[in-house]
Amino acid sequence: MERIDPGLAREGKVKIDFAETRMPVLRYLTDRYKLIKPIQGKRIAACLHITKETAMLMKALSAAGAEISLSGSNPLSTQDDIAAALTNFYGIGVWGWRGQTAEEYFSCIESVLGNPPHITMDDGADLTVHIHNKYTDLIEGISGGTEETTTGIQRLTALADAGKLTYPIIAVNNAETKWDFDNVYGTGQSVLDGIMRATNILIAGTNFVVAGYGHCGRGIAMRARGLGAHVIVTEVNPVNALKAVLDGFDVMPMLKAAKIGDVFVTATGCKDVITAKHMKRMKDGAILANAGHFNVEVSVGDLERLGVRKREVRPNNVKYELEDGRRIFLLGEGRLVNLVAADGHPPEVMDMSFANQFLSVLHLIKRGKRMEPKVHPIPREQDEFIARIKLSMMGKRIDRLSGEQERYIRSYESTI
Ligand code: ADE
């Protein structure tokens, strides 16, 4: 595609080669399946953040025989050097570049669908929903799809609940080897990385407000505390709020947090979490960032309306001056700060997430046509398989239950 600059390909390949050294499970799967090629000739349409970690997944699937077309899953998250390397060195059809308009973003999804898929692979559900809305003629040929993220699962569950989902989706996000690692440690570290790259502020001593205490919010709160912040959590879910309290965080409504926060990060999957009514109470210098999939959590429209002047002060950091002279800084245009201002989740956690993607594709090619059109959990054995390989690649060994112990934990008899 003309927006991909082949001049960047070598730089991208160096980064992919680096990721390869940190992703042993994907390496293992590549070696295991590259000779038998269980998905030979199968076409995969993928809509994922185009990063060096995604490149490793594309390489693994391609080695297993798949023909892949890939578009970016966010207008600002594509790493252009990686897109160029995938096209130039690995024969992957890529449609995506950083800084797309909404029209360009969807036209790239349409280009991917030009190669009618057997499998869809999504991060946020734009590809799958687009097929269901506009490309229903492709559905017949599709065995199933995978979904990488919480927001995507939420949307596809709504589609299934409305009786409109037409092929099975495997909820990769909900694998334990995905959300307990990628969402917690991956988001936690990369969000702090993004905020620090975009601002270079000292996190220690800040009042650091995290909206949402799901897996991602928990990771962000944990890492902000590790850097010395006073962390405040806002929630709508009483169970999550209670977890935050018992984890030692302050919990309060956003309207109250708005007055004291220095840094605000949203990780809720919902819209209008920070709006004009909060911005009007904020301190001079407040920093706003979003870690959720869509750019709807911080109301950028409200900030645009409240601001009388606006200026980029550093890459991915825009200052809005309000009428009364207060300044509010918005990072990454309110899009995923970890992918816009940093590199996204580190390869060590994406290794497990993408091993789940890889194995789910194999599962769907084999069994997808016999599965119900609903959102399915990943098979339990898959989680354990991935965790075992990861541990062994890390040089860690664990105990095994004896036969006697197995019988004990499966028994209902009292031992008193
Ligand atoms: N989502 C979050 N981080 C990512 C990464 N590094 N690669 C692909 N998708 C991601």
Side-chain angles (χ1 to χ4, degrees), residues 12 15-23 25-26 44 46-61 68 70-83 85-86 90 92 94 96-98 105 121-127 146-153 171-175 177-195 197 214-220 223 265-267 269 289-295 316 332 335-358 360-361:
K15 292 183 185 164
I16 297 167
D17 289 346
F18 173 71
E20 184 160 26
T21 67
R22 339 293 304 168
M23 302 181 84
V25 184
L26 269 187
I44 300 178
C47 178
L48 300 170
H49 299 295
I50 303 176
T51 65
K52 60 190 186 305
E53 292 77 23
T54 297
M56 283 295 297
L57 171 62
M58 298 297 107
K59 279 180 63 184
L61 289 165
I68 307 163
L70 169 69
S71 71
S73 58
N74 185 288
L76 275 188
S77 69
T78 294
Q79 296 168 10
D80 290 331
D81 49 358
I82 304 294
L86 278 170
Y90 303 110
I92 311 285
V94 182
W97 56 90
R98 185 181 162 108
Y105 172 76
M121 186 176 266
D122 224 343
D123 185 327
D126 280 340
L127 174 71
T146 62
E147 174 50 55
E148 170 74 10
T149 200
T150 316
T151 292
I153 304 286
V172 167
N173 179 69
N174 300 6
T177 45
K178 201 277 183 184
W179 73 12
D180 281 345
F181 299 92
D182 166 328
N183 299 26
V184 179
Y185 303 101
T187 308
Q189 179 170 311
S190 61
V191 163
L192 267 301
D193 184 14
I195 292 171
R197 289 197 211 182
H215 289 86
C216 295
R218 197 177 132 232
I220 299 165
R223 288 299 175 250
V265 184
T266 51
N290 168 48
H293 186 79
F294 287 115
N295 60 337
N316 304 308
R335 297 194 183 273
L336 291 150
V337 71
N338 56 337
L339 280 142
V340 176
D343 289 357
H345 300 174
E348 290 82 354
V349 286
M350 294 312 293
D351 189 27
M352 290 187 284
S353 308
F354 284 165
N356 273 300
Q357 286 281 7
F358 182 96
S360 298
V361 169

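Since the structure is predicted, the reported quantities are computational estimates derived from the model, not experimental observations. Each residue takes its place number in the sequence, starting with 1. Note that ligands are numbered from 1 as they come in the structure, with each ligand's atoms numbered from 1 the same way.
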Looking only at protein heavy atoms, which one is nearest to [atom], and what is the separation?
atom                   : value
atom 1 (N) of ligand 1 : His49 CD2, 3.6 Å
atom 5 (C) of ligand 1 : Thr51 OG1, 3.6 Å
atom 8 (C) of ligand 1 : Thr54 OG1, 3.2 Å

Within 4.0 Å of some non-hydrogen atom of Phe354, the atoms of ligand 1 are 8 (C)
Output the list of atoms in ligand 1 that are nearer than 4.0 Å to some heavy atom of Asp343, sorted by atom number.
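Those of ligand 1 that fall under 4.0 Å from Asp343 are 6 (N).
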Nearest heavy-atom pair of Arg197 and Ala341: which atoms, and what distance?
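Where Arg197 meets Ala341 most closely, the heavy atoms are CD-O, 3.4 Å.
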Where does [X] meet ligand 1, judged by heavy-atom distances below 4.0 Å: at the side chain, the backbone, both, or neither?
X      : result
His345 : both
Met350 : side chain
Leu339 : side chain

Around Tyr185, counting heavy atoms of other residues, nucleotides and ligands shown, do more than 12 lie under 6.0 Å from its OH?
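Open: at most 12 neighbouring heavy atoms sit under 6.0 Å from OH of Tyr185.
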Basic-acidic side-chain contact under 4.0 Å: [X], [Y]:
X      : Y      : result
Asp81  : Lys15  : yes
Asp193 : Arg223 : no
Glu20  : Lys59  : yes

Should Asp123 be counted as touching ligand 1, given the test is an N or O pair under 3.5 Å?
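Checking ligand 1 against Asp123, no N or O pair falls under 3.5 Å apart.
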Using 0.5 Å steps for rounding, measure from the CG atom of Asp123 to the CG atom of Asn173.
9.0 Å
Taking the inter-plane angle between the rings of His293 and His49 on a 0 to 90° scale, is it parallel (under 30°), tilted (30 to 60°) or perpendicular (over 60°)?
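Taking His49 first and then His293, their aromatic rings sit tilted (interplane angle of 30° to 60°).
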Heavy-atom gap Thr187 to ligand 1 smaller than 4.0 Å
no
